[in-house]
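Please read all numbers here as calculations on a predicted model, not as lab measurements. The sequence lines fix the lettering, A, B, ..., with proteins before strands; numbering per chain opens at 1.
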Amino acid sequence: MHLKFLEAESIEILREAVAGARRPVMLYSIGKDSSVMLHLARKAFHPATPPFPLLHVDTTWKFKEMYAHRARMAAESGMTLLTHTNQEGVAAGVNPFTHGSSYHTDVMKTQALKQALDLHGFDVVFGGARRDEEKSRAKERVCSLRSAGHRWDPKRQRPELWNLYNTRLREGETLRVFPISNWTEADIWEYIRAEDIPIVPLYLAKARPVVSRSGAWIMVDDERLPLEPGEQPELRMVRFRTLGCYPLTGAIESTAATLDEVIAETLGARMSERQGRLIDSDQPGSMERKKQEGYF
Amino acid sequence: MPPQAPAPEKPLLRFITCGSVDDGKSTLIGRLLHESKCLFEDQLDALARDSKQFGTQGEAIDFALLVDGLQAEREQGITIDVAYRFFASAARRFIVADTPGHEQYTRNMATGASTADLAILLVDARKGLLTQTRRHARIAGMMGIRHAVLAVNKMDLMGCDQGVFDAIVEAFRPVAEEQGFRTLQAIPLSALEGDNVVAPSARMPWYAGPTLMAHLEAIDAAPEAGGGAFRMPVQWVNRPNLDFRGFCGRVAQGEIRPGDPVRILPSGVSTRVKAVLAWEGGLDRAGQGDSITLTLADEVDVSRGDLIAADQDPAPVSDQFEAQLLWMSEQPLVPGRPYLLKLHAQEVTATVTAIKHRVDADTGARLAARTLQLNEIGRVNLSLSRPVPFEPYATNRILGGFILIDKLTFDTAGAGMIDFALRRATNIHWQALEVDRAARARLMGQRPRCVWFTGLSGSGKSTLANLLEKRLHAEGRHTFVLDGDNVRHGLNRDLGFAEADRVENIRRVAEVAKLMTDAGLLVLVSFISPFRSERQMARELFGPGDFLEVFVDAPLDACERRDVKGLYAKARRGELRNFTGIDSPYEPPEHPELHLRTATEDPEACLARLVALLETP
Ligand SMILES: Nc1nc2c(ncn2[C@@H]2O[C@H](COP(=O)(O)OP(=O)(O)O)[C@@H](O)[C@H]2O)c(=O)[nH]1
């Protein structure tokens with residue numbers, strides 16, 4: 001019952017934001033939240049194809065299976081898929097190992113996103129962030145105003161009453177719109193099951209080659225992962241709760257190889273999903289700082 | 001939060017918590033999250049770390065830190081915005097809007113309350129019922145919340161004494177009645193120690209009611225679901241190809257089935273529903289809250305913002321309302337100034353034509369007011385640029401709640417709730433005059449237009465307007481000049497120079513200019529008119545091409561040097577207040593039809609350009 005409510009609310013947000021947009025785009029990160037958001041967009045505009053392209057900001061460090069899934073979903077939805085990589089970053093050889101995770105994320109994700117938005121002149125950008133993910137997100141608006149330069153100024157955020165969204169923009173301003181703001185991790189999984197939404201197989205447990213790094217299992221997805229002296233990839237039954245750059249995304253040990261098992265395990269989970277992400281734990285308020293700088 | 005599988009039958013409950021600083025609101029929410037096992041271990045670890053660094057509980061865990069979100073706030077130790085939290089018990093899913101209670105945050109509380117069905121009003125047992133509690137109850141009531149919980153916190157500090165609790169509940173009863181709460185549950189609590197939050201308190205055996213959690217799980221707070229005739233605002237017209245035209249929206253009231261007769265508002269055209277569509281295919285029915293797409297039997301004109309309503313029981317339509325208005329902007333409300341009004345999927349221009357009174361949120365007293373400041377509430381009359389379908393807010397929040405948007409900054413400046421229409425739109429129609437504007441213009445052999453000169457005092461507006469009039473008159477044109485001298489001393493002599501008066505001044509001049517063009521004249525308006533929004537308002541009165549904005553541009557120091565009337569000198573001496581350019585701003589036009597720089601172009605050259613402007617079609 002509450003899934004139906006959440007779905008109807010998200011569809012309303014998608015339609016409302018598109019109605020007020022000049023050039024909308026949907027950020028598609030290939031993960032489970034993006035998958036749900038894409039599914040909702042297809043529902044919102046059915047039988048038409050959603051009237052905007054998908055944009056994937058590619059750090060070049062995603063899992064191979066993510067790239068395969070991306071191609072499949074673009075074909076299935078019939079939507080245009082745009083990808084953007086920060087070529088300056090590539091030229092400078094930026095990677096998660098030599099430069100550290102924060103610098104890598106800043107250059108290949110935050111800067112790259114801003115480049116892509118400026119390049120295409122998008123004014124309304126859909127993102128799959130949820131309020132329950134992290135404390136500083138709890139106050140995020142459904143329609144989050146970004147000043148020129150993509151900066152997030154807490155003081156300029158507009159009050160959101162009822163289901164009325166003010167999508168008016170001045171020159172240079174853009175809007176980030178989060179249609180699944182009110183969904184929780186459990187809602188996402190239950191909805192994926194109820195609607196049979198395709199997800200990247202990495203979410204399901206399988207024997208995968210991993211090494212242990214600062215207490216997390218890092219998958220050796222290709223030969224670019226530098227092994228420390230004496231380090232040997234081992235095969236373990238693991239799965240992922242969130243997906244990002246493979247060298248920065250920790251897997252958990254699990255035998256949950258089907259959606260039902262994943263849900264059962266998730267319902268009893270004792271660690272938050274962000275725990276697998278190495279970028280959040282740098283410092284207190286780190287997510288908030290990244291947001292002010294333009295990270296989604 | 002760690003996901004839990006809630007029982008499916010119970011609908012999600014959205015509630016708001018209101019309390020003053022230090023009443024224990026954050027502690028209470030933190031405890032609800034904690035006790036419903038909604039915290040992950042890594043979050044608990046982070047909490048333990050934060051408690052040592054920022055907490056107020058020594059080495060013990062400070063639950064309040066769980067909910068103080070932004071780093072800046074955390075450092076200042078206050079919460080300054082609306083935060084949404086999610087938790088679930090075995091029986092139900094919850095979304096909490098957490099808002100701070102200081103007076104200056106009425107705006108935030110109203111925002112949180114707009115989507116809530118229940119309010120928890122927190123009282124510190126030591127302090128008893130305070131003015132703030134009354135304010136919180138009043139705002140909750142105004143925003144349409146019908147279920148309240150009076151949470152009397154910190155009972156542990158009052159020896160868990162029943163007398164203390166009873167006295168507070170007694171004092172609150174009249175407040176609750178005044179606000180029309182349908183249910184009121186008072187609960188004695190210790191948020192810090194957990195009494196009556198989730199587990200019943202052993203220290204307060206005299207209390208026989210439910211714990212807070214039990215009450216939240218059980219209450220049926222849904223607004224009258226499914227009641228009322230069908231209404232759906234059209235958000236989006238779906239036209240993937242020539243054979244399909246669907247109208248997308250979310251059902252705001254009632255239910256709909258294929259074949260049902262409907263009426264399109266405001267046009268009033270009737271037709272039938274052909275199909276009720278969703279992704280899954282055609283539906284037998286859809287009800288309140290569903291996002292759907294309708295196709296219609298006839299090719300009728302429907303666009304975004306229209307309302308599809310039950311044919312036999314359509315919604316009222318009007319362009320004049322009485323409403324409650326909460327002001328949310330640092331810039332005070334200016335009556336007469338045009339704002340964008342957004343009501344369900346429609347956007348129209350609206351002005352506040354009268355402030356009937358302001359309401360003191362603490363006492364409910366009605367006060368006279370000429371404007372509304374940030375966080376002030378008033379009852380106002382609104383006039384819209386065109387009629388819109390609506391329902392009174394008390395009947396339907398979605399069809400009666402609106403926001404006002406500043407036309408220049410696009411900030412959300414106000415939030416309002418429609419009480420009733422001041423007149424039905426069906427009663428207004430301009431008398432169709434046989435001798436009309438076009439007829440008069442033909443007789444005069446000219447195209448009536450308004451040339452609007454704007455610029456600083458002393459920039460040369462009147463000189464140019466007079467030169468232009470002489471030239472036109474010599475050519476046999478019918479003209480009239482409106483300027484400060486002939487308007488300020490007569491029509492507008494009741495107006496001063498405060499902002500609201502200046503807005504009204506321009507509004508009257510613009511209306512008079514409009515009537516004069518209807519009469520067939522070429523009207524030359526020479527007014528400083530420093531504000532873009534007022535000039536925009538004037539422009540909107542005229543047809544395309546009939547309003548020509550002329551920016552008479554001279555640098556301030558040049559104007560001040562000329563100072564023909566000695567006004568700048570006076571303003572500099574502080575004898576004139578609100579003087580444009582000195583202590584009141586001038587907003588230069590962004591796209592004037594003509595930009596004259598009088599410091600570098602001589603009057604004859606300017607005149608030639610004005611004449612050329614009037615020759616443009
Ligand atoms: N003794 C006692 N102290 C409480 C109780 N609830 C909150 N407090 C304390 O009151 C102070 C303010 O609480 P907090 O939750 O930050 O208040 P907020 O400003 O309303 O969010 C903190 O020191 C809390 O520990 C209670 O039930 N009993």
Side-chain angles (χ1 to χ4, degrees), chain A residues 1-2 4-12 15-16 18-19 42-49 131-132 135-139 154 156-166 168-170 173 181-182 184-187 189-190 263 266-275 281 284-285 288-289, chain B residues 1-6 8-12 40-43 50 66-67 69-72 74 81-86 88 93 95 107-108 110-111 114-115 235-236 238-240 244 246 248 250 277-279 289-291 293 304 328 340 342 345 397-398 401-403 405 409-412 415:
Chain A
M1 179 160 189
H2 76 273
K4 204 176 163 210
F5 168 86
L6 290 171
E7 176 188 84
E9 179 181 72
S10 300
I11 288 176
E12 179 181 44
R15 289 169 172 171
E16 206 58 20
V18 165
R42 295 174 70 191
K43 282 194 163 191
F45 299 98
H46 178 77
T49 305
R131 284 175 175 150
D132 85 321
K135 258 199 286 189
S136 77
R137 290 235 204 251
K139 301 189 178 192
R156 291 231 35 224
Q157 299 308 312
R158 299 158 172 173
E160 288 181 337
L161 291 100
W162 304 291
N163 54 348
L164 292 178
Y165 302 102
N166 174 356
R168 293 276 179 152
L169 297 173
R170 289 189 297 183
E173 292 176 341
S181 286
N182 285 334
T184 63
E185 188 186 6
D187 299 328
W189 282 118
E190 283 170 24
I263 290 172
T266 308
L267 293 177
R270 311 186 51 212
M271 291 291 181
S272 80
E273 57 188 321
R274 292 219 151 254
Q275 185 235 354
S281 49
E288 182 190 338
R289 248 188 324 99
Chain B
M1 50 160 268
Q4 312 203 343
E9 332 72 66
K10 273 279 174 197
L12 185 127
F40 291 112
E41 278 181 11
D42 53 326
Q43 290 174 328
D50 287 359
L66 273 176
V67 295
L70 301 181
Q71 196 175 10
R74 203 191 304 172
D81 209 333
V82 190
Y84 295 91
R85 325 265 170 211
F86 304 81
R93 288 257 338 249
I95 301 181
R107 163 175 78 169
N108 297 334
T111 303
S114 72
T115 49
Q235 283 187 277
W236 175 258
N238 199 352
R239 295 215 71 168
F244 185 88
C248 305
R250 191 168 179 201
L277 299 172
W279 167 266
D290 294 342
S291 281
T293 299
R304 172 172 160 84
M328 305 186 128
L340 283 171
K342 186 165 186 194
R397 286 201 209 183
I398 300 300
F402 62 87
I403 53 173
I405 300 171
T409 62
F410 293 142
D411 289 338
T412 300

Applying side chain to side chain contact (heavy atoms under 4.5 Å, CB included) to A:L161 and B:M328, what does each step give before you reach the verdict?
CA-CA 11 Å; A:L161 291 100; B:M328 305 186 128; 3.6 Å; yes
Just by modelled atom types, is the [Y] backbone N or O under 3.5 Å from a matching donor or acceptor in the [X] side chain?
| X | Y | value |
| --- | --- | --- |
| A:N166 | B:F410 | yes |
| A:E12 | B:S291 | no |
| A:D132 | B:F86 | no |

With only heavy atoms counted, which part of [X] is less than 4.5 Å from chain B, the side chain, the backbone, both or neither?
| X | answer |
| --- | --- |
| A:L169 | backbone |
| A:E9 | both |
| A:T49 | neither |

Taking the side chain as every heavy atom from C-beta outward, state whether B:R93 and A:T184 have any pair of such atoms under 4.5 Å apart.
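Answer yes - side chains close enough.
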Restricting to non-hydrogen atoms, name the atom on A:H46 and the atom on B:N238 that form the minimum distance, rounded to 0.1 Å.
O-ND2, 3.2 Å
ring-ring contact (aromatic ring centres under 6.0 Å, His included) between B:F402 and A:W162: does it pass, once the steps are laid out?
CA-CA 9 Å; B:F402 62 87; A:W162 304 291; 7.8 Å; no
So that I can tick it off, tell me whether A:E16 and B:K342 are bridged by a salt bridge, with the cut-off set at under 4.0 angstrom between side-chain N and carboxylate O.
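So B:K342 pairs with A:E16 through a salt bridge.
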Could you tell me which portion of B:L340 (side chain, backbone, both or neither) has an atom closer than 4.5 angstrom to a non-hydrogen atom of chain A?
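The answer is the side chain of B:L340.
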